[in-house]
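Only one structure is covered here, and it is reproduced in the block below.
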Amino acid sequence: MMAKTSINIKPCLVTSSGAHNRRLAEYLAKIRKEKIYIRTDLMAKNEEWVSPELGDTSLEERNRQIAAMVKEKTGRAMQTKDRERVNKKTGKVTVVRGSTPIKEGVVVIKEDTTMEQLRHFCEVCKERWGIKPLQIFIHRDEGHYQIPNDKTTWKPNYHAHIVWDWMDHDTGKSCKLGKKDMSEMQTILAEMLDMERGTSKEQTGREHLERTDYIIAKQKQEAEKTRIAKEQAEAELKAVKGELRTEKLKNSAAEVGTIILDGIGSMIGTSKVKRQQQQIDDLAQKNERLHSEIKRQNKTIDRERREHEQTAKRLQGEIDRIYGWFPDIPQLVKWGEYCRSLGFTDKMARDLVNMRPVRFSGKLYSREHSQHFETEHSEARLLRDEKGPGGFQLFIDLIPILQWFRQKAKEFLERLGREIKDREQGRGMRMR
């Protein structure tokens with residue numbers, strides 16, 4: 001029976017992906033010893049490939065480069081956060097997903113899967129859908145122990161990570177892959193790796209498990225196997241004890257025979273009884289080991305569940321305290337994003353939300369007028385203003401931002417000699 005393969009693709013966590021995939025020392029140091037799923041003695045079997053286009057550039061820097069490319073091609077900042085769109089007629093709310101320009105896929109492979117096979121798969125995907133592979137990592141050092149530290153019970157989890165640039169650099173838009181495309185990708189993968197295609201989740205109804213959840217699920221499976229083996233061992237033990245009682249009755253009956261027959265029967269009976277008693281002792285020890293393993297597995301699962309719940313509760317508490325102590329944070333975060341959408345750099349946006357003046361020259365983008373306005377030697381400030389959105393207002397040269405844009409638009413139209421009509425004054429701004 002051929003081994004099955006599949007690929008699960010999600011947005012790449014560019015800040016932590018490299019540490020995991022490259023097995024950096026600081027990453028390995030954070031893994032708890034009681035939950036190790038990486039064997040350092042097998043790390044030498046891992047493989048890595050990086051595209052010449054990416055070279056030594058980090059994924060974080062690549063993400064920033066893509067954002068600059070999108071702005072250059074489309075004239076708009078790349079939207080990385082989810083947002084809601086409301087149908088004015090029906091009132092239906094649709095969630096518009098934010099852009100994730102770099103994605104990472106986890107591929108189930110065999111022990112002998114080669115880097116050449118994976119690169120060939122990536123090239124086919126690039127030709128078919130335009131997605132460009134940036135990195136490929138083969139991991140042969142992950143798995144779990146059925147019995148802790150017993151290498152004979154090691155169950156490997158052979159897999160590979162593929163990091164993709166999911167953007168069309170000619171248009172500045174992301175590559176669009178629907179359900180049929182993803183299904184076709186699964187089929188192509190199986191053919192390239194000479195493996196059987198996995199069953200789609202539409203047929204199984206099961207969702208893909210994250211690494212930690214997968215480990216816990218495997219531990220539950222192993223615990224269930226151990227329980228079944230224990231029941232079988234108990235059944236065998238019961239059967240052997242029945243045979244032993246029958247044999248003892250036969251030996252007792254033989255004692256009424258002649259002294260010679262009794263001697264022969266005693267010799268035969270004793271040999272068989274000893275052998276059966278040894279079987280009983282072996283099964284009893286096996287039964288005890290299996291029972292101990294079940295208890296250990298259950299304790300591990302319970303401990304990890306408690307730790308997860310405690311961590312989630314602690315993080316939520318920290319968030320609640322931060323918002324309680326600094327109630328302006330949600331509004332300042334929105335103002336920071338708004339400043340970045342105007343064309344301010346991350347550093348400028350950070351200075352503005354910290355109430356520091358920013359002197360700049362360049363262009364700012366107005367959503368109201370759908371164009372950029374250029375200025376030289378201007379100063380931007382974010383100040384508290386009870387009448388402003390969220391209690392703040394952005395000023396350019398001491399003029400509120402919307403008024404400043406309208407003034408620039410008026411000057412622009414005057415230079416063109418066009419008739420100027422006053423805009424409605426009721427249109428203000430709001431933070432999304």
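Listed for the Ser183 side chain is no donor-acceptor partner under 3.5 Å among the backbone atoms of Lys179. Using a distance-only test at 3.5 Å, with no hydrogens or angles considered, no donor-acceptor pair links the side chain of Asn63 to the main chain of Leu59. Thr300 contributes a side-chain N or O that, together with a main-chain N or O of Arg296, makes up a donor-acceptor pair within less than 3.5 Å. Using a distance-only test at 3.5 Å, with no hydrogens or angles considered, no donor-acceptor pair links the side chain of Asp351 to the main chain of Met348. Side chain of Ser366 to backbone of Gln371: no donor-acceptor contact under 3.5 angstrom is found. Panel note: side chain Ser99, backbone Met78; no donor-acceptor pair is recorded below 3.5 Å. The main-chain N or O of Pro389 is found under 3.5 Å from a side-chain atom of Trp335 such that the two form a donor-acceptor pair.
Within the model, atoms CD1 of Ile294 and CZ of Arg289 stand 13.0 Å from one another, a figure rounded to the nearest 0.5 Å. The OH atom of Tyr338 lies 14.0 Å from the CD atom of Gln331; values are rounded to the nearest 0.5 Å. For the atom pair Glu61 CD and Ile66 CD1, the distance stands at 10.5 Å (nearest 0.5 Å). Atoms NZ and CE, on Lys110 and Met195 in that order, are 6.0 Å from each other to the nearest 0.5 Å. The CG atom of Leu382 sits 11.0 Å away from the CD1 atom of Ile401 when rounded to the nearest 0.5 Å. Atom CG of Asp141 is separated from atom OG1 of Thr40 by 8.5 Å, given to the nearest 0.5 angstrom.
A pairwise comparison of heavy atoms in Arg23 and Asn46 identifies NE-ND2, 4.0 Å as the closest pair. A pairwise comparison of heavy atoms in Pro101 and Met167 identifies CB-CG, 3.5 Å as the closest pair. Listed here is the closest heavy atom pair of Gln135 and Val50: CG-CG2, 4.3 Å. Pairing each heavy atom of Lys151 with each of Tyr145, the nearest pair is CA-CE2, 4.0 Å. Smallest separation of non-hydrogen atoms from Leu332 and Met355: CD2-CE, 4.2 Å. Ser378 and Ile396 make their closest contact through CB-CG2, 4.2 Å (heavy atoms, listed as atom of the first residue, atom of the second, distance).
Below 30°, between 30° and 60°, or above 60°: for Trp166 and Trp164 the angle between ring planes is above 60°, a perpendicular geometry. Between Tyr365 and His372, the ring-plane angle classifies as tilted under the 30° and 60° cut-offs. His161 and His20 have perpendicular rings, their planes meeting at more than 60° on a 0 to 90° scale where under 30° would count as parallel.
The 12-atom threshold is exceeded at CD of Glu379, counting heavy atoms of other residues, nucleotides or ligands nearer than 6.0 Å. By the neighbour-count criterion of 12 heavy atoms within 6.0 Å, atom NZ of Lys45 is sparsely surrounded, having that number or fewer from other residues, nucleotides or ligands. Counted within 6.0 Å of CZ on Arg359, heavy atoms from surrounding residues, nucleotides or ligands total 12 or fewer; the atom is thus considered open. Within 6.0 Å of NE2 in His308 there are 12 or fewer heavy atoms belonging to other residues, nucleotides or ligands. Residue Glu376 places its CD atom among 12 or fewer non-hydrogen atoms of other residues, nucleotides or ligands, all under 6.0 Å distant.
Checked for salt-bridge contact, Glu191 and Arg197 miss the test: no charged N lies under 4.0 Å from a carboxylate O. Between Arg140 and Glu111 there is no salt bridge, since no side-chain N of the basic residue sits under 4.0 Å from a carboxylate O of the acidic one. A salt bridge is absent between Arg306 and Asp302; no separation between the charged side-chain nitrogens and carboxylate oxygens falls under 4.0 Å. Taking the charged nitrogens against the carboxylate oxygens, Glu116 and Arg119 have no contact shorter than 4.0 Å, which rules out a salt bridge. Between Arg39 and Glu142, none of the side-chain N atoms (NZ, or NE/NH1/NH2) sits under 4.0 Å from a carboxylate O, so this pair counts as no salt bridge. Arg384 and Asp328 are joined by a salt bridge, as a carboxylate oxygen and a charged side-chain nitrogen come within less than 4.0 angstrom of each other.
No side-chain heavy atom of Tyr158 sits under 4.5 Å from any side-chain heavy atom of His139. Looking at Ile138 and Trp49, their side chains never come closer than 4.5 Å, going by heavy atoms from C-beta outward. Proximity of Arg381 to Arg356: side-chain heavy atoms (C-beta onward) are nowhere separated by under 4.5 Å. The shortest distance between side-chain heavy atoms of Cys122 and Ile136 falls below 4.5 Å. Taking the side chain as every heavy atom from C-beta outward, Ile7 and Val106 never approach each other to under 4.5 Å. Side-chain contact between Asn157 and His144: absent, with no pair of heavy atoms (C-beta onward) separated by less than 4.5 Å. In this structure, Gln117 and Met192 have side chains that are not in contact, with every pair of non-hydrogen atoms separated by 4.5 Å or more. Counting heavy atoms from C-beta on, the side chains of Trp129 and Glu184 come closer than 4.5 Å.
With 3.5 Å as the limit, one finds a donor-acceptor pair spanning the side chains of Ser17 and Glu104. Counted by atom type alone, Gln316 and Asp320 present one or more donor-acceptor pairs between their side chains at under 3.5 Å. Lys176 and Ser174 share a donor-acceptor pair across their side chains, judged by distance under 3.5 Å alone. Residues Gln403 and Gln407 bring no donor and acceptor atom of their side chains to less than 3.5 Å of each other. Using a 3.5 Å distance cut-off with no hydrogens or angles, the side chains of Thr57 and Arg62 do not pair a donor with an acceptor. Defined by atom type and a distance below 3.5 Å, a donor-acceptor pair is missing between the side-chain atoms of Arg64 and Ser58. Side chains of Lys71 and Thr74: a donor-acceptor N/O pair is absent below 3.5 angstrom, by distance only.
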_Show, in sequence, the C-alpha distance, side-chain angles and deciding distance for Asp282 and Gln278, and conclude whether the side chain to side chain donor-acceptor pair (under 3.5 Å) test is met._
CA-CA 6 Å; Asp282 292 343; Gln278 183 62 46; 3.0 Å; yes
*Show your reasoning for whether side chain to side chain contact (heavy atoms under 4.5 Å, CB included) applies to Glu368 and Leu402.*
CA-CA 8 Å; Glu368 181 181 5; Leu402 291 186; 4.2 Å; yes
*Should Asp165 and Ile131 be marked as a side chain to side chain contact (heavy atoms under 4.5 Å, CB included) after you check the CA-CA gap, both sets of side-chain angles, and the distance that decides it?*
CA-CA 6 Å; Asp165 181 337; Ile131 54 178; over 6 Å; no
*Taking it one step at a time, do Arg406 and Ile399 satisfy side chain to side chain contact (heavy atoms under 4.5 Å, CB included)?*
CA-CA 11 Å; Arg406 289 168 184 167; Ile399 303 173; over 6 Å; no
*Given the rule in the side chain to side chain contact (heavy atoms under 4.5 Å, CB included) test, do Lys363 and Phe373 qualify, once you have shown the distances and angles that lead to the verdict?*
CA-CA 5 Å; Lys363 296 180 180 181; Phe373 294 104; over 6 Å; no
_Chi angles and distances behind the salt bridge (Lys or Arg N to Asp or Glu O under 4.0 Å) call for Glu337, Lys334_ = CA-CA 5 Å; Glu337 292 298 326; Lys334 293 178 181 179; over 6 Å; no
